[in-house]
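Naming: A, B, ... by sequence-line order, numbering from 1 per chain. Remember, it's a predicted structure, so these values are computed and weren't measured experimentally.
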Amino acid sequence: MGSKITPRSENYSQWYLDIVQNAGLAENSAVRGCMVIKPYGFAIWERMRDELDRMFKETGHSNAYFPIFIPKSFFSKEASHVEGFAKECAVVTHYRLKNAPDGSGVVVDEDAKLEEELIVRPTSETIIWDTYRTWIQSYRDLPLLINQWANVVRWEMRTRLFLRTAEFLWQEGHTAHATEKEAVEEAERMLGVYSTFAEDWMAMPVLKGLKSANERFAGAVETYCIEAMMQDGKALQAGTSHFLGQNFAKAFDVKFLSKENQLEHVWATSWGVSTRLMGALIMTHSDDKGLVLPPTLAPIQVVLVPIFKNEEMKPKILEYLRGIEAELKEKKIVVKVDDSENYSPGYKFAEYEMKGVPVRVAIGARDVENNTVEVARRDMLTKESVGREGIAERVFALLVDIQRNLYQKALELRKNLTSTVDTWEEFVDVIENKGGFVYAHWDGTTETEEKIKEKTKATIRLIPLDEGEPGKCVLTGRPSVKRVVFAKAY
RNA sequence: CGGGGUAUAGCGUAGCCCGGCUAGCGCGCCUGCUUUGGGAGCAGGAGGUCGCAGGUUCGAAUCCUGCUACCCCGACCA
């Protein structure tokens, strides 16, 4: 491989990009602000997608698919949604090209102008609620629990691979309920699904909470979110779940007849996570040698590397290795045998470390003779020679331990990057010098929130769900009901 | 869209101030032999409209003008 990873101390942003690119995950497309996800990167996304999809289905949801093009007028129907999404959208204005008169290629055929422009979906609330109107008539049609896996486009001014690209992949759940209570429960349930996924599968601890009015999704009554802490002390919003109230039902006239024969607007939620989770995964666990993947999401959990000294030993080493492969597969461990002779063992070691494969098993002539194997773990970068007997059990236990260790390390990091402050001086000091999450009192006004953002670039990442102790706002000294979590964010 | 920067082989770059280039180097790539327990060694080789367009000059990667793309910092955001 070409360039090596830049040490983190030099430039975190470059370090992140080096990992994304050198580990073969993704690259910038020639098309502005879009990304190309390479096969290995996509395999990781597929693992995430498959597990999330399973969890959605286990909570009663079904998948469906809606159009990528949304008539412009749909966006005018929900007032605050317009505010949030009327900008930065890709707009289809024409439907045909023609040969340029001067022979220089093709140009847009001005005669093929659309009567109504189509918006390339930045999110699908509007087109889905326009459709739901026809699907929902009775309380018997509710709840309607639908998820869509799709790509969306937001014409961001500045992009960053995985974290903020013009086009990204995501899932968006859109549900309709008969009562407010049910809808709130749904929004909270899906926040729970996201947090379980982040912690148990991504080994990434997250804080759960509510967004302030300022950070709330355009059109939502409440936005729930999970927030993770990256190694450089910046927060990353990893998922959101919105209680939409009756806003979209009213805007798109979605009503149902209740048991009591009353015509009522339905209650709604929407929730989503995106390929941004790939960025979160990378920035949570990776080190200077490249990607580090939690075993539950790694496309390859164990790589077997044979080491050949001479021709006579080759068949013996391979036979020994195939035996181990079979035992691991019996335990449902995902194994890759790299017996190609194009690269040296040292090259392969470095390569699979870069790709974040959790466990490496190396086998050479020495091992065949002594009935041993060399087992290396990616998270600690340690290796040891162990007996051949019970290798599958040992590797399985190791994978479990790596999963646990990654979570613990990330949790430890977050603990060290979490502060509680009471004065403005402390607040500024921690935000500027230490970074991380800062628990501080806030008077609850958008005005104060914006002032703090202006002065320190820190925003309210979330308002914790649990009760808290009252206190005084860190900026204004006015009363505060509980501490909220501030941080600089991606 | 504001402020700063960059553009030379697949990637990373030297040369630019002070014009003389037939454009140098590292990684990668190809061939051969020897290798293989931490990114192998040696030998040979392929690969360039120096971002685009114009200008100055005997001569431009180098100087001038315009354009384009990308990166960083803001505003925007999952």
Once you round it to whole Å, what is the distance between P of rU35(B) and OH of Y347(A)? 22 Å
Looking only at atom C1', what distance separates rC67(B) and rC30(B), rounded to whole Å? 39 Å
With a 4.5 Å heavy-atom cut-off, do F168(A) and N151(A) have their side chains touching? no
Selection from rA78(B), rG37(B), rG39(B) that lies nearest to any side-chain heavy atom of E156(A): rA78(B)
What integer distance in Å separates W155(A):CH2 from rA78(B):P? 18 Å
Rounded to whole Å, please give me the gap between CZ in R160(A) and C1' in rG74(B). 15 Å
Phosphate OP1/OP2 of rG38(B): any K289(A) side-chain N/O under 4.0 Å: no
NA contact type, K348(A), heavy-atom cut-off 4.0 Å: base, sugar-phosphate, or nothing? nothing
When R366(A) and Y343(A) are each assigned the nearest nucleotide of RNA chain B, the 5'-most assignment goes to Y343(A)
Would you check, one step at a time, whether the test ring-ring contact (aromatic ring centres under 6.0 Å, His included) holds for F427(A) with F486(A)? CA-CA 9 Å; F427(A) 185 89; F486(A) 286 89; 5.0 Å; yes
Regarding the side chain of K457(A), the nearest nucleotide among rG39(B), rG74(B), rG37(B) is rG74(B)
Measuring from the side chain of R154(A) (C-beta onward, heavy atoms only), which nucleotide among rU36(B), rA78(B), rG38(B) has the closest atom? rA78(B)
Would you measure the distance from the P atom in rU22(B) across to the matching atom in rG12(B) and give it in whole Å? 27 Å
Please classify the nucleic acid contact of K314(A) as base, sugar-phosphate, or nothing, using heavy-atom distances under 4.0 Å. nothing
Measuring only the P atom in each nucleotide, how far is rC29(B) from rC72(B)? A whole number of Å is fine. 28 Å
Base of rA40(B) paired with side chain of S344(A) (donor-acceptor, under 3.5 Å): no
Give one of base, sugar-phosphate or nothing for T240(A), where a contact means two heavy atoms less than 4.0 Å apart. nothing
Whole-Å distance separating the CE atom of M190(A) from the C1' atom of rA78(B): 17 Å
Would you say K453(A) reaches rC76(B)'s phosphate, i.e. side-chain N/O to OP1/OP2 under 4.0 Å? yes
Name the closest nucleotide to the Q237(A) side chain, picking from rG39(B), rA78(B), rG38(B). rA78(B)
Starting from C1' on rA78(B), measure out to CD on E125(A) and report it in whole angstrom. 12 Å
Rounded to whole Å, CD of E167(A) lies from C1' of rC77(B) at a distance of 16 Å
Mind checking who rG10(B) pairs with, Watson-Crick or G-U wobble, both distances under 3.5 Å? rC27(B)
Should the side chain of K383(A) and the base of rG37(B) be counted as holding a donor-acceptor pair, with the cut-off at 3.5 Å? no
Nearest to side-chain heavy atoms of P345(A), which nucleotide of rU36(B), rC77(B), rA78(B): rU36(B)
Closest listed nucleotide, where the reference is the side chain of I307(A) and the choices are rA78(B), rG37(B), rG39(B): rG37(B)
Could you check whether K211(A) makes a cation-pi contact with F217(A), meaning its NZ or CZ is under 6.0 Å from the centre of the six-membered ring and within 45° of the ring axis? no
Does one side chain, of T175(A) or T269(A), offer a donor that lies under 3.5 Å from an acceptor on the other? yes
If you find the nucleotide of RNA chain B closest to E311(A) and the one closest to Y490(A), which residue's nucleotide is nearer the 5' end? E311(A)
Assess the residue pair D401(A) and R394(A) against the criterion (salt bridge (Lys or Arg N to Asp or Glu O under 4.0 Å)); give the C-alpha distance rounded to whole Å, side-chain angles, the decisive distance to 0.1 Å, and a yes or no. CA-CA 10 Å; D401(A) 192 57; R394(A) 183 184 280 271; over 6 Å; no
Between the side chains of T372(A) and D367(A), does any donor sit under 3.5 Å from an acceptor? yes
Just to be sure I understand the rule, does N310(A) reach a base, reach only the sugar-phosphate, or reach nothing, if contact means heavy atoms closer than 4.0 Å? nothing
By the 4.0 Å heavy-atom rule, please label T165(A) as base, sugar-phosphate, or nothing. base
